[in-house]
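FYI, side chains are in, hydrogens and waters are out, and symmetry mates aren't considered; it's all heavy atoms of this structure. Residue numbers start at 1 and run along the sequence shown.
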Amino acid sequence: MKITAVIQARVGSSRLPAKVLMDIQGKPMLWHIVKRVSSAKLIDEVVIATSKNNNNDRIVKFAKEHDFKIFRGSENNCLDRYYRAAKELKADVVVRITADCALICPEVIDNVISEYLKNGYDYVTNTIYYTYPEGCDVEVFSFEALKKAWRECRDSVAREHVTPYFKNSGRFRIKNIENKIHINPEEYKWSVDRIEDMEFVRRVYKYLYHGNVFSYKEIMDLLEKYPELKQINSKAIINEGFYRGFLKLPKIKAKKLRINKSLLLKRKADKLIPNCSQTLSKSYSQFVYGAAPVFLEKGKGSRVWDIDGNEYIDYAMALGPVILGHNYPAITSAIKKIAVKGVTFTLPHRLEVELAELLCRTIPCAEMVRFGKNGSDATSGAVRVARALTGRDKVACCGYHGWQDWYIGVTTRNKGVPGEVRKLTSTFEYNKIETLEKIFAENPKQIACVIMEPVGVVEPEDNFLQKVKELTHKNGAILIFDEVVTGFRISLGGAQEYFNVRPDLACFGKAMSNGLPISAVVGKREIMKQFEEVFYSFTFGGEIVSIAAAIGTIKEIKEKNVIRHLWEQGRKIKDGYNVLSKEYGLERYTQCIGLPPRTVIIFKNRTGQDDLLLKSLFQQECLKRKVLFTDDHNICFSHTDKDIDYTLRVYRTALDILRDAISKNKVRKLLEGESVRPVFRKP
């Protein structure tokens, strides 16, 4: 069996031209890559595969001067280049390395090859989920699999980037290799795309290269010793070149939506249901009314269908609860299995104990549990317990916490909330500890609790969460994390697990049961025992269909490593959108922000203010191309690479329309319905 490493190289990089021949410690980068790849023990042969474009004559000259094997093929159809190179060299197994990986590690290469050889896969890589730094990328596949992809793949972007068809077609047995060292791959970008990346690599070589092939572990040790090195290219985006490839694809054509049934039913609903919806953020006011559907009929996986039969890729996912996918088989089965036994009983059910036990094993701060049906139930229950335990009435809050009086009174949606109730809650700003210090200073020994979303779309800075905890406890108050959104999404145990800050109480909901109505207050035993006296009681609090769904959902998240999938797919959406926005010169108008499992696309006008017209036009163009867009991406386990790729093509098309509308000042003119309205008005 002949194992051949094919290093893909050309000089035509638009971001950093001729980077492969740039100097690192007296030698071209490509020279170092060949030497490092050749040091892998399981590789029999190394070849540089470049294109027939005359610009690459320099690479051919370089290869001949150093007695490196060289092959020339297609400039943009790299799948064809790989196939013909492997065929000419009579390779049985191909190891794909790209010439921007100046820090490629022989040990990592051998690990991926070993997995390929012993387990009978068609394709093995460490790039499906990034657990290694980008720049340690290795892909191994059989010549027969390469030949099959070469024959079948028709997508030009997939052919340019060689292996998307292996990953996405479902036609191959594939495996991703996991890094034994836990890292956040977003902090480690080792490939060379821009001058900042080259500077980073040169600094690493300056420290570690003495004519030797240094290892991946040596680089990690270096960065632990000198963490400032990571800041050199900290703003770099993983796989930026791949996302730029979407600009070369044809735009997605719009198809006018037929929404007659939606509009007709909306007229009927107007007479029966205030706002035509049970949830404000799901109502017609949050979509381009007249050009968008008003009612959905069904869902399956990542898709939903409206009552007119139009199909969409869904990213709102019911505002976050659907974490596995609509009508997810394992959860649907669990629901059916338990529903035939009943739904609600006169006494508690054993499943209540099973779920409580599961939550206490899963959530760091959980020692006892009480259930509710909505996030507002949980946050309000937690606040009431805090007031009861401390004997204080006032609350400090940060973020969104539901519809109950104690919170909604501090927003512009405060109609019907007594003035005296509004005075009991004060708000502080995220990442500004001085704003919380001020509340405590102005209300000495009066604050019962601090309740906050541990993370929204902005991450904590300068140890903010720990400072909040210390300040809260110093002032005799209780710390409550509202994890209704972050729970089971950022990490299995929520943001408290991800950021390693344990609150006194925490509130969970949304993703807990893949769409069924259930929430929970969890926390320290001595605080939770207050629920024996504090009235927090629901007829449907122990409804077992939702509880069974929650048990099934949490187990599925654990067993299928759902969290990793959410991070990876969410990162692709976020990075892809931001690359495309920048390419269109729109980064001042629109960006995708937030942690990958839940991101938000923001739209700003020239003065930096929120712009609902831009959002409306973008949403309209996405809907016409079968992407259901509100403004956030609540990634679910059913969102596939194919979904993400199609969505980025739609986003590319919508951004192109947006750029033209802005430059010609015709955004409003292009709207085919009413603009989206704000949820909260500015005070």
Side-chain angles (χ1 to χ4, degrees), residues 14-15 76 155-157 160 237 239-259 284-293 310-316 572-594 599-633 643-678:
S14 59
R15 289 156 287 165
N76 295 317
D155 185 87
S156 60
V157 169
E160 179 181 358
I237 289 178
N239 279 339
E240 183 175 346
F242 174 74
Y243 301 125
R244 286 162 57 91
F246 286 96
L247 297 169
K248 302 175 184 178
L249 293 175
K251 297 171 189 174
I252 302 291
K253 294 182 179 179
K255 185 177 180 182
K256 188 171 178 61
L257 292 176
R258 294 173 299 169
I259 55 172
Y284 69 94
S285 67
Q286 299 307 299
F287 295 86
V288 183
Y289 177 61
N310 300 300
E311 177 184 351
Y312 310 88
I313 301 175
D314 183 13
Y315 286 101
K572 292 174 188 174
I573 279 282
K574 178 181 177 180
D575 289 351
Y577 185 88
N578 288 333
V579 167
L580 294 171
S581 176
K582 187 174 182 179
E583 288 298 315
Y584 276 109
L586 294 173
E587 63 267 38
R588 65 179 289 198
Y589 294 100
T590 180
Q591 294 179 0
C592 187
I593 61 175
T599 58
V600 174
I601 295 180
I602 58 173
F603 297 88
K604 304 284 186 181
N605 60 24
R606 287 183 173 88
T607 63
Q609 302 299 310
D610 291 342
D611 195 319
L612 291 179
L613 282 178
L614 291 182
K615 174 182 174 178
S616 299
L617 179 58
F618 187 86
Q619 181 197 85
Q620 171 184 288
E621 298 307 315
C622 289
L623 286 167
K624 287 159 65 173
R625 292 163 177 84
K626 304 306 174 64
V627 172
L628 183 58
F629 173 85
T630 52
D631 60 6
D632 55 355
H633 304 107
D643 290 333
I644 305 299
D645 288 354
Y646 177 80
T647 301
L648 288 176
R649 288 186 66 186
V650 170
Y651 285 177
R652 173 267 170 119
T653 305
L655 285 168
D656 185 74
I657 294 169
L658 209 62
R659 179 182 64 174
D660 184 64
I662 291 171
S663 66
K664 296 178 181 178
N665 196 26
K666 60 176 184 179
V667 175
R668 187 180 293 275
K669 183 178 179 181
L670 290 178
L671 276 184
E672 299 169 11
E674 299 176 12
S675 174
V676 173
R677 303 178 204 169

Task: With H633, the side chain to side chain contact (heavy atoms under 4.5 Å, CB included) member among T647, I601, V600 - done: I601
Open item on the list: Tell me every residue that passes side-chain hydrogen bond (donor to acceptor under 3.5 Å, both in side chains) with Y312, counting only those two or more places apart in sequence or in another chain.
Closed with: D306
Open item on the list: Between F287 and L628, is there a side-chain heavy-atom distance shorter than 4.5 Å?
Closed with: yes
Open item on the list: Please enumerate all residues that pass side-chain contact (heavy atoms from CB on, under 4.5 Å) together with K582, with sequence neighbours excluded.
Closed with: E587
Task: N239: side-chain contact (heavy atoms from CB on, under 4.5 Å) partners, not counting sequence neighbours - done: Y130, E134, F242, Y243
- [ ] Could you tell me whether the side chain of N310 and the main chain of K626 form a donor-acceptor pair under 3.5 Å?
- [x] no
Open item on the list: So does V579 get a backbone contact from the side chain of R244, meaning a donor-acceptor N/O pair under 3.5 Å?
Closed with: no
Open item on the list: My understanding is that only one of K615, Q619, Q286 makes a side-chain hydrogen bond (donor to acceptor under 3.5 Å, both in side chains) with D631; could you say which?
Closed with: K615
Task: Centroid-centroid distance, F618 to Y577, less than 6.0 Å - done: yes
- [ ] Mark yes or no for whether R652, through its side chain, and F246, through its backbone, hold a donor-acceptor pair below 3.5 Å.
- [x] yes
- [ ] With side-chain contact (heavy atoms from CB on, under 4.5 Å) as the test, would you mind laying out the steps for V288 and E674 before giving the verdict?
- [x] CA-CA 5 Å; V288 183; E674 299 176 12; 5.9 Å; no
Open item on the list: Walk me through whether L655 and L586 qualify under side-chain contact (heavy atoms from CB on, under 4.5 Å).
Closed with: CA-CA 8 Å; L655 285 168; L586 294 173; 3.8 Å; yes
Task: Side chain proximity check, N605 to L614, heavy atoms < 4.5 angstrom - done: no
Open item on the list: Is it the case that the side chain of S581 and the backbone of T590 share a donor-acceptor pair, with hydrogens and angles ignored and the cut-off at 3.5 Å?
Closed with: yes
Open item on the list: Tell me if a side-chain donor or acceptor on T653 pairs with a main-chain N or O of I252 at a distance below 3.5 Å.
Closed with: yes
Task: Atom pair CG (L648) and NZ (K572), whose distance is rounded to the nearest 0.5 Å - done: 10.0 Å
Open item on the list: Under the rule for salt bridge (Lys or Arg N to Asp or Glu O under 4.0 Å), what residues qualify as partners of R649, not counting sequence neighbours?
Closed with: none
TODO: Would you check if Y589 and I662 make a side-chain contact, meaning some heavy-atom pair closer than 4.5 Å?
DONE: yes
- [ ] Go through the structure and list residues passing side-chain hydrogen bond (donor to acceptor under 3.5 Å, both in side chains) with N578, not counting sequence neighbours.
- [x] none
Open item on the list: Students often mix this up, so state it plainly: with edges at 30° and 60°, are the rings of F629 and Y651 parallel, tilted or perpendicular?
Closed with: perpendicular
- [ ] Apply side-chain hydrogen bond (donor to acceptor under 3.5 Å, both in side chains) to D314 and list each qualifying residue two or more places apart in sequence or on a separate chain.
- [x] H326
Task: Set of residues satisfying salt bridge (Lys or Arg N to Asp or Glu O under 4.0 Å) with respect to D611, sequence neighbours excluded - done: none
TODO: Please examine the side chains of E160 and K248, heavy atoms only from C-beta on, and report whether any two atoms are closer than 4.5 Å.
DONE: yes
Task: Qualifying residues under side-chain contact (heavy atoms from CB on, under 4.5 Å), relative to I593, sequence neighbours excluded - done: V457, Q591, I602
- [ ] May I ask you to decide if G594's main-chain N or O and K574's side chain share a donor-acceptor pair within less than 3.5 Å?
- [x] yes
TODO: Please list, chain by chain and in numerical order, all residues satisfying side-chain contact (heavy atoms from CB on, under 4.5 Å) with S675, sequence neighbours excluded.
DONE: L612, L613, S616, L671
Open item on the list: Could you work out, with salt bridge (Lys or Arg N to Asp or Glu O under 4.0 Å) as the rule, every residue matching K624, not counting sequence neighbours?
Closed with: E621, E672
Task: CG-CD1 distance between D575 and I237, expressed to the nearest 0.5 angstrom - done: 5.0 Å
TODO: Test I313 against V650 for side-chain contact (heavy atoms from CB on, under 4.5 Å), laying out the working first.
DONE: CA-CA 11 Å; I313 301 175; V650 170; over 6 Å; no
Open item on the list: Which heavy atom of V157 sits nearest to which heavy atom of G245, and what is that distance?
Closed with: CG2-O, 3.4 Å
Open item on the list: Run Y315 and I573 through side-chain contact (heavy atoms from CB on, under 4.5 Å) and show every step you take.
Closed with: CA-CA 11 Å; Y315 286 101; I573 279 282; 4.1 Å; yes
TODO: Could you tell me which residues satisfy side-chain hydrogen bond (donor to acceptor under 3.5 Å, both in side chains) with K666, sequence neighbours excluded, listed by chain and number?
DONE: D660
TODO: Could you tell me which residues satisfy salt bridge (Lys or Arg N to Asp or Glu O under 4.0 Å) with D155, sequence neighbours excluded, listed by chain and number?
DONE: none
